[in-house]
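A short write-up of the structure that comes next.
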Amino acid sequence: MDFMHLLCIFFISVLSCSYLIRGQQPYIRKATTACGSADKSNSALGYTCNGVTPRCQAYLTFRSQPPFTSVSSISSLLAADPSELSQLNSVPEDATFETNKVVLVPVNCSCSGKYYQVNASYVVQKDETFFIIANNTFQGLSTCQALQAQNNNLTTKKLYAGTRLIIPLRCACPTKNQTNDGVDYLLSYLVTWGQYVALIGDIFGADTGRTLDANGLSEDDTVIYPFTTLLVPLEKPPSSSQILPIPSPPPPPPSSPVSSSHTKSKTWIYVVAGVLGSLGLLSVIGVVVFCFFFRKTKSGSKKDIDPVFTSESFEALEKSTEKKFEQEFDFLESVSISAQSLKIYTFKELEFATEGFDLSSLIKGSVYRGRINGDLAAIKEINGDVTKEINILNKINHFNIIRLSGVGFNDGTWYLVYEFAVNGPLCDWIYNNNTSQKFLTWTQRIQIAFDVATGLNYLHRYASPPYVHKDIKSSNILLDTNLRAKIANLSLARSADEDGEHFVLTRHIVGTQGYMAPEYLENGMISPKLDVYSFGVLLMEMLTGKEVSSLYEANSDLSNALRPTLQEENEKANLSSFMDPALEGNYPTDHAIFVIRLIDNCIKKDPSVRPEMDVIVQNLSRTINSSLSWEHTGNFE
Ligand SMILES: *[C@@H]1O[C@H](CO)[C@@H](O)[C@H](O)[C@H]1NC(C)=O
Ligand SMILES: *[C@@H]1O[C@H](CO)[C@@H](O)[C@H](O)[C@H]1NC(C)=O
Ligand SMILES: *[C@@H]1O[C@H](CO)[C@@H](O)[C@H](O)[C@H]1NC(C)=O
Ligand SMILES: *[C@@H]1O[C@H](CO)[C@@H](O)[C@H](O)[C@H]1NC(C)=O
Ligand SMILES: *[C@@H]1O[C@H](CO)[C@@H](O)[C@H](O)[C@H]1NC(C)=O
């Protein structure tokens with residue numbers, strides 16, 4: 001394996017290869033600290049003018065910091081109207097805010113060329129750099145890249161005290177999709193330590209899904225960083241009652257049975273701090289891991305203690321959970337027995353493995369390639385409740401399911417360390433675009449299908465309790481050196497019959513468009529047949545070399561795409577127009593038709609007539625055997 005090849009390696013799950021979900025404005029991620037580069041994929045220069053109107057009322061947040069603590073000083077810093085600002089915050093116009101108080105700032109946002117912005121004017125102080133002005137003075141409401149771009153008429157690179165700069169503040173106006181959704185305003189919220197998307201959405205009563213979407217994030221990819229802006233979509237202007245003194249820890253959810261939390265709360269999936277509050281054995285691992293790091297970090301007094309642990313939110317959290325830690329410390333032993341294969345990594349180890357989470361180690365999204373004791377590993381950054389995935393993967397040991405080898409926790413972010421699948425996600429291999437050099441033969445495709453079916457069959461039948469994966473798609477299937485498949489991303493998985501029922505109903509519909517079974521979309525019904533449906537769609541993609549979205553473009557009902565090939569007359573001619581042209585006819589016709597029949601059964605509307613996974617495994621096992629002998633006796637029939 002040459003080096004370039006290694007570079008191209010992709011792992012995982014978090015990034016779907018489907019282009020069905022598109023964010024309104026890309027989230028800036030870590031670009032705020034990379035002053036030299038203006039990565040086009042994020043919004044470092046500002047939010048694009050993609051809204052319905054070129055100007056609109058928008059809102060910013062700002063934390064009062066000396067010398068900007070009064071209505072007038074904050075208004076003049078941020079180009080706001082002092083009387084509007086005082087009204088919005090329900091304070092008199094001559095008021096002074098206590099330090100660190102979140103202040104709502106109404107602004108007139110408008111397009112200046114490509115980007116939305118509010119022009120503030122600022123005089124450089126001694127020793128200030130573009131970064132310090134953007135990050136410290138303006139707290140992340142602007143970026144050094146945008147400052148440089150905006151003030152490129154400066155004759156020198158160095159900033160001198162007294163120079164007047166234009167500071168483009170990050171704001172945005174709602175897009176057509178958002179307006180259709182009832183969103184009238186966007187608030188540029190300044191993220192601080194320990195916050196996550198669902199929490200911020202909750203502060204302003206904004207739906208988490210919409211908030212993720214507004215920032216080009218997804219349920220699989222919710223990591224956000226302090227001192228960046230997160231757009232919060234609002235139906236009404238924000239009000240001062242929403243920003244009661246924060247940061248404060250979210251209230252621990254009431255102790256409810258684990259099963260009901262799935263349907264009740266939309267936010268559980270993202271909650272980090274909630275992990276600490278929620279009860280149930282699942283959380284215990286989280287608590288213990290957290291506890292472990294917490295103590296470790298506190299005692300390691302060398303250098304700066306991580307800011308997250310000094311921030312008020314965590315201090316409060318510490319108090320509220322200290323009792324619980326004590327009670328649950330006793331669990332440590334029992335958990336470490338059940339989690340004995342799971343290594344707990346310190347942040348330092350993970351930093352070392354990924355060369356400080358360097359861009360060159362980034363695989364995609366929030367997944368990094370790391371080297372731990374000489375072995376490659378995939379390290380996924382998650383801002384959310386990971387205890388479920390940890391709990392499931394820790395109990396599962398199967399060749400066709402990606403192995404979780406360890407976990408870490410730092411700054412409100414979890415790190416899951418997985419076995420590394422060298423050949424990356426299946427989606428990089430099966431879509432027939434000319435740029436990709438990657439090609440799978442017929443037999444390799446059937447082998448992969450068999451592997452996925454075997455992994456799913458294990459989850460459905462032999463895992464205890466049985467699980468439904470719920471998000472089978474080409475980007476969640478990873479290939480190892482030998483192009484054998486491993487199922488990844490069990491973050492949406494749930495137990496099929498944890499209520500002792502054959503199936504369960506949910507109102508919380510999550511998954512990937514195109515792969516989701518009709519009964520789930522319509523009624524939220526969860527059963528193993530959900531995975532059978534997605535598997536059928538996946539198999540169809542593998543045979544045709546087309547993405548699910550383009551399959552749907554051609555046929556609103558996928559079964560129709562199969563019809564012509566299943567008609568007796570002229571079977572072969574129709575088959576060749578169905579199959580991936582890259583295969584150039586190199587497949588055994590009758591097996592191909594057999595597999596197409598299987599797909600047809602998998603994507604039946606009525607879940608009860610779809611085959612069980614074990615039947616599929618048997619069928620595919622026969623197909624592999626005969627495909628192998630077909631391959632050995634010559635490719636051409
Ligand atoms: C708006 O929604 C349509 C369909 O729902 C989608 O195709 C389009 O990409 C969306 N636009 C943006 C900017 O998200
Ligand atoms: C924003 O626009 C409104 C209406 O155009 C105007 O009355 C107000 O003074 C503007 N605010 C600022 C701070 O320029
Ligand atoms: C903000 O400043 C830029 C650059 O100086 C200018 O092009 C733009 O028109 C200004 N926008 C407003 C609303 O004043
Ligand atoms: C960015 O600014 C914040 C205060 O807004 C400060 O706490 C943080 O340390 C700054 N980041 C860097 C890298 O200096
Ligand atoms: C750069 O341009 C802005 C307006 O676009 C102006 O206010 C500023 O004085 C200019 N700076 C220099 C050094 O010319």
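When a ligand or atom number is given, it counts from 1 through the structure's own listing order. From a predicted model like this one, the values you see are computed outputs, not experimental measurements.
- Side-chain N/O atoms of T229 and R170 include a donor and acceptor closer than 3.5 Å.
- Interface atoms of ligand 4 facing N136, defined by a heavy-atom separation under 4.0 Å, are 1 (C), 2 (O), 10 (C).
- Partners of F97 under the ring pair (Phe, Tyr, Trp, His ring centres under 6.0 Å) rule, at least two apart in sequence or in another chain, do not exist in this structure.
- Ionic pairing of K364 and D221 is not present here: no N-O contact between side-chain nitrogen and carboxylate oxygen is shorter than 4.0 angstrom.
- Taking the six-membered ring for Trp and the full ring otherwise, F357 and F347 have centroids separated by under 6.0 Å.
- Residue-environment remark: CD (E355) stays at or below the threshold of 12 foreign heavy atoms within 6.0 Å.
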Name each N or O atom in ligand 2 that is under 3.5 Å from a protein N or O, and give the partner atom and the distance.
residue	atom	partner	partner atom	Å
ligand 2	2 (O)	N108	OD1	3.2
ligand 2	2 (O)	N108	ND2	2.4
ligand 2	11 (N)	N108	ND2	2.8
ligand 2	14 (O)	N108	ND2	3.3

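- Residues passing the side chain to side chain donor-acceptor pair (under 3.5 Å) test with S90, sequence neighbours excluded: S240.
- By the salt bridge (charged side-chain N to carboxylate O under 4.0 Å, His left out) test, D81 pairs with no residue at all, sequence neighbours left out.
- Residue-ligand proximity, S112 to ligand 3, at heavy-atom distances under 4.0 Å covers atoms 1 (C), 8 (C), 10 (C), 11 (N).
- Within 6.0 Å of atom CG in N373, 12 or fewer heavy atoms from other residues, nucleotides or ligands are found, so the atom counts as exposed in its surroundings.
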**Request:** Take Y189 and Q195, measure what side chain to side chain donor-acceptor pair (under 3.5 Å) needs, and give me the verdict at the end.
**Result:** CA-CA 11 Å; Y189 183 83; Q195 294 187 318; 3.0 Å; yes
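- Those atoms of ligand 4 with a heavy atom of F131 less than 4.0 angstrom away are 12 (C), 13 (C), 14 (O).
- Remark: ligand 3 atoms within the under-4.0 Å shell around heavy atoms of I166 are 5 (O).
- Applying the 4.0 Å criterion to heavy atoms of Q117 picks out, from ligand 3, the atoms 1 (C), 2 (O).
- Note: no N/O pair closer than 3.5 Å links Q139 and ligand 4 by distance alone.
- Annotation for ligand 3: atoms under 4.0 Å from non-hydrogen atoms of Q150 are 3 (C), 4 (C), 5 (O).
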